[in-house]
Structures are given as C-alpha cells and as structure tokens.
Amino acid sequence: MKKHTPYTDFHQDEPLLINEYTQDEFLKDYLETYLPSEMMSEIRPDLERFGKRVATELIEYANACENNPPQLISYNAWGERVDEIKVAPEWKKLEDIAAEEGLVAIGYERKYGSHSRLYQFAKLYLYTPSSAIYTCPLAMSDGAARLIEKYGDDFLKDGPYKGLISRNPATFLTSGQWMTERTGGSDVSRSMTFAYEENGEYILRGHKWFTSAITANMAFTLASTEQPQDGKRAALSLFFLPIRNEDGTLNGIEVEALKDKLGTRALPTAQLNLTGTNARLVGEKGKGVKSISTLFNVTRIYNAISSVSYMRRAYALSESYSHIREAFGKKISEHILHRKSLKNLEIAYQSNTILPLFLSQLLGKEDCKEATDKDIALLRILTPIAKLYTAKSSIQSASEHIEMFGGLGYLEDTNIPVMLRNVQTLSIWEGTTNILSLDMLRAIEKDNGLPAFLSFAKETISAVSLSELQDAKIIIDRKIQILASFISQLSTKDEWEASARDLAFYIGEASIALLWLDFIQKCPKENYFQALNYWVKFKMNENTLDV
Ligand code: MFK
C-alpha cells in the first residue's frame, strides 16, 4: 500500500512551568515586603525548593490522581461488607508531602510567631494547583487543629491535635468536617443526625450527604442531642469522632456512595450512614454552629487561597504558552491584543491574591494573641468576602485561560480544563456566594465588622504619601464614602438582605484597592502602579450600590 507523507510533522510545544516560586514576582515581592528580612533569609531557600517541586514532581502525582479517581468497594469477594475507598497511590504521596512540607504544621509550630501563617499560606498557594485538591483535607485538618486549640479537652489536645500538626507522614492525621445533610446544606439547622448519650459517651445516628475526604482519620460533625419537639429541632452540638476503630473497622459508619462530581474528582466525597458512631461532645452543648465556625472560618481562607492559586497557575501556563505558540506570523505574545488580555489576567491574579495573603496575616496575629479587637473584627468580615470574591474571580479567570489556548484548552489531556472544573466548586462548598454575603451581614450585625472595615480604610488611605498614588487614593476614598453613605440609608432587614451581595463585592473590590495602596507604598514598582490604576479605573466601577 502506498505510504502517505504526512502533510506536516508540526507539533505544538507544551507550556512549561519551571519554578512556581521564583517565577512569581508578585508573591516574592509580597513576602519580601511583609516578612522580616531575617525570616526571609531562612525561608527563601525552602520556598525556592518547593516552588520547583510543585512545578515538577507534584504535578505528576496530581495528574495521576485526577486520571485515577477513587472507587468505593462495598463488598469483598466473599460477600463481606467492607466499604473500602480505593485511591490512587499518588494521593497518599500528596498527603505525605503535605506533612513533610509542614503545610499545616507551620501554622501551629509558630516558629516565626504571627508571621508563620503568611509563610504557611504562601506554601499552600504553591501546593494547591499541583495537589489534585489535597488542599481540601488539609483545610479541614487545619480548621480542626484550631478548633481543638479553642475548645478541645486533654484527650483531643494530647492525641488528635498532635497528629494534625505533625510533620512526620507516619504520624500525620487528617480530619473531615461533616455538616451537609440531605435536608440541609446551607441551612445546617435542618440536620437530622441525633446524638444519644450513654454513660457520658455519645452515639450518633443519622445520615451525612456530602462528606469530603472520607479517607481522613477523624471528623468533626453536628448533631442534635434532643429529638424535635412540637416540630421544633433542638440546637445542634459539635462532636468529634474517629473514623475507624482501633481494629481498623469503621466506627459505626456505612459508606453508601461516592459522589460523581463535575470537578475535584480525585477527592473522595462520600454519602454516609451513621449507624451508631461513637463520638465525643466538643464545646458547649447546643452551641455547635458557633463552635464549628472556628473550623469553617479557616477553611474559608483556604478556599480563598486555593482560588487565587489556580488563577496564578493558569496565568503561568498561559504566559508560557504565549511565548511558544505562533499565529499570523509571530508569537502570540507579540500580538498586542493577546498581550493586553494576558496583562488583565495577570492583574486579576495579583489583585485577588492580595486578599487571602492579608487575611493570613490577620489570622497569624489572632493565633498569637497579638490581634487587636479591630483586627479580629476585620478578619471576621473579610473572611466571607474574600472567600466569595476570589471564588468567582477564579471561575472567570479559568474560563478565560482556556480561551488563551484556543481549542487545545478544551482538551482534557492538556490538563487545562480540569482547572475550570476544580475551581467551579470554590464558589459552592464552604458556603455559596449568597450564604457568604449573608454571613458578611452577620459579621456586621454581631461582630462590629463595618466600623473595623471603615477604620482600616481610613488608616490605610491616610498612610499613603507617595505622590504617584494620590489620584488612586482620591478615587478609593470617594468609593469608601459612597459605601458609608449607602449603608446609612439601609434600615429594614429586607433592604440589608437584598443589598448583601452587592455590598460584599463592593467591599471586596475596595479592600483589594486598599491593600494595593498599602503594598505599593512599601514596594513601589511600575507594574504595581499600573495594576492599581487598572483596578481603580475598571474593576471598581463594575459594582455599584443600589437599594
Ligand atoms: C480547597 C479549599 C478548601 C475548602 C475545604 C472544603 C471542604 C468542603 C466541605 C464542606 O463543604 S462542609 C460544608 C460547608 N457548609 C457550610 O459552610 C454551611 C454554609 N451555611 C452557613 O454558613 C450558614 O450561615 C450557617 C450554617 C452558619 C447558619 O447556621 P445558623 O445556625 O442559622 O446560624 P446562626 O443562628 O446565625 O448562628 C449561630 C451562631 O454561630 C451565632 O453565634 P451566637 O450563638 O453567639 O449568637 C453566630 O454568630 C455564629 N456564627 C455563624 N456563622 C459564623 C459564626 N460565628 C463566627 N463566624 C461565622 N462565620
């Protein structure tokens, strides 16, 4: 048979990641600006080493996990119910690396005092897009460690806590956070799990509909200690439970099914029956939601750092590709419109990143008891805002980056689409955009969030002295005045509620502008002035306030 000569032997080179720390000028500048120089001298080599590791070895593991999703084996060959979750071997490697790298531990060893959290979150930012969302179990484990610090008894502090913050893969433990039930996702008060007290111990019976990272060692969950009376449910309490008994069998848990999700497919998310699970009451009875908020306020910051880490990763790939791909006689980076589109995506990732990095500093201060009341109130109000704002930005950004690769960006085996599928969950789990907007209102109503924000805005604006920042400063100041005047017109509960989402986005955008002001004042580089000017001119005009 006649052999055909191929029309062309052209193949497209792939985008290249080399070192996600050394190549991320913004992250480097941010850390060099806000961390003491002696600390930077110590941690810089670690970040440089890890930046290379996430761009090489970890990506291989993450891809292997994404391509080999978990499976539920309900029965063994002999008919015995086993409920085994089979995960890719690389999933365990990603866990071991998380332990060795101290991704939770750094925040609790507190070697660098309140600065430890910023260092930890910088490493999480590098790790997440190369982790097949192993960051999810880490988030819940970090939140669990914090919860134990706050409410744990000696048993929890001596055992589980030490495992959660271990750097040794052999002793490292992870935790789940089980809140969602068939009856209630956003509204956990509709929970139908009950806790029965027997000789000072509790047994849980109920159903958990959406439990992430079922391969964890322990979980914190909510249950009611009383049956509903007159159709009213009792307030929920918080419980700790080991997932397995000492002999390795499940602790009164049946795994009904694994969820078939749009993204986060490497992460085993299960539907569980609690058929008599031994559990331990944590904190005050009936105050379960308040107690577990300590945990989910941490996971919400993890959610925000995860969103921006994907924005950065997608940008790094698109940027690299723009210097490789040719169209219409030149590299696509040389086409002015493509370059401008990329620039906007660069500004978007940097601007969004500034929010969770700032929150990690406030969290560090709170951990080390250095936070003022104002810092605590600011952390409280900005946590839901940063979570909802960055999640939406990451979805928009992942979609734009797919386009940066044209048709190739739509092909699963380029590993570009998985970014969009994975970030889509970030606006849902840990609270949807509307639920978080309402949480912002709770922070305003109960925790002095607004005065803290307005005072932070005032102080940041008045500290600006660079002449090049004066125009931006005037615009931002005006935006804050509009916010204050808008809020003063809100009176009824309905007016507040109807405005919650607009307010959240408005404050998110204003916070980013304020944080840019502070950063540029300390790190006055030309490209950052450009970024702030773009932000002030375009982004801050996208969201207006209207009752
Ligand atoms: C890779 C990224 C990492 C992400 C990890 C992902 C893991 C995925 C696992 C999950 O998705 S777990 C499911 C997550 N589910 C949620 O986040 C639930 C979303 N719903 C809410 O957040 C609702 O607002 C909430 C359930 C909290 C409403 O419950 P309630 O009982 O109607 O709240 P209520 O009565 O307003 O508040 C009860 C108490 O908690 C109050 O305190 P007091 O008792 O002192 O008055 C509130 O002030 C307090 N509270 C509520 N939210 C708080 C809070 N305190 C501090 N911070 C908060 N955010």
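First listed ligand is number 1; within each ligand, the first listed atom is number 1.
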Original post:
Can you check salt bridge (Lys or Arg N to Asp or Glu O under 4.0 Å) on Glu95 and Lys92, steps first, answer last?
Top reply: CA-CA 5 Å; Glu95 175 180 297; Lys92 178 74 181 115; 3.1 Å; yes
Original post:
Is the shortest N/O to N/O distance between Arg380 and ligand 1 below 3.5 Å?
Top reply: yes
Subject >> Residue Gly431 vicinity, atoms of ligand 1 by number, heavy atom under 4.0 Å >> reply: 17 (O)
Original post:
Which is it for Lys446 and ligand 1 at heavy atoms under 4.0 Å: side chain, backbone, both or neither?
Top reply: side chain
**OP:** Check Met440 against ligand 1 and report side chain, backbone, both or neither, counting heavy atoms closer than 4.0 Å.
**Re:** neither
Subject >> Ser306 N/O to ligand 1 N/O under 3.5 Å >> reply: no
Subject >> Residue pair Leu514 / Phe358, side-chain heavy-atom distance below 4.5 Å >> reply: no
Original post:
Any cation-pi pair here, Lys86 with Trp91, using under 6.0 Å and within 45°?
Top reply: no
**OP:** Output yes when a side-chain donor or acceptor of Lys392 lies under 3.5 Å from a complementary backbone atom of Phe505, and no otherwise.
**Re:** no
**OP:** Please lay out, stage by stage, how Tyr30 and Thr353 fare under the test side-chain contact (heavy atoms from CB on, under 4.5 Å).
**Re:** CA-CA 10 Å; Tyr30 190 92; Thr353 301; over 6 Å; no
Original post:
Are the side chain of Ser394 and the backbone N or O of Val308 linked by a donor-acceptor pair below 3.5 Å?
Top reply: no
Subject >> Polar contact flag for Lys287 and ligand 1 (N/O pairs, less than 3.5 Å) >> reply: yes
**OP:** Keeping the roles fixed (side chain from Lys123, backbone from Val104), state whether a donor-acceptor pair exists under 3.5 Å.
**Re:** no
Subject >> Ring-face cation contact, Tyr506 with Arg501, 6.0 Å cut, 45° max >> reply: no
Original post:
Hey, is Leu438 touching ligand 1 through its side chain, its backbone, both or neither, going by heavy atoms under 4.0 Å?
Top reply: neither
Original post:
With no hydrogens and no angle check, is any side-chain donor or acceptor of Tyr310 less than 3.5 Å from a backbone partner on Ile395?
Top reply: no
Original post:
Quick one: does Ser186 get an N or O within less than 3.5 Å of an N or O on ligand 1?
Top reply: yes
**OP:** State whether the shortest distance between N or O atoms of Thr180 and N or O atoms of ligand 1 falls below 3.5 angstrom.
**Re:** no
Original post:
Counting only heavy atoms on the protein side, is anything nearer than 4.0 Å to atom 35 (O) of ligand 1?
Top reply: no
**OP:** Establish whether atom 32 (O) of ligand 1 and some protein heavy atom are separated by less than 4.0 angstrom.
**Re:** no
Subject >> Within-cut-off N or O pair, Arg300 and ligand 1, under 3.5 Å >> reply: yes
Subject >> Part of Phe296 within contact of ligand 1 (heavy atoms, under 4.0 Å) >> reply: side chain
Original post:
Just distances here: any N/O of Asp447 and N/O of ligand 1 closer than 3.5 Å?
Top reply: no
Original post:
Has ligand 1 got any nitrogen or oxygen that is less than 3.5 angstrom from a nitrogen or oxygen of Ser212?
Top reply: no
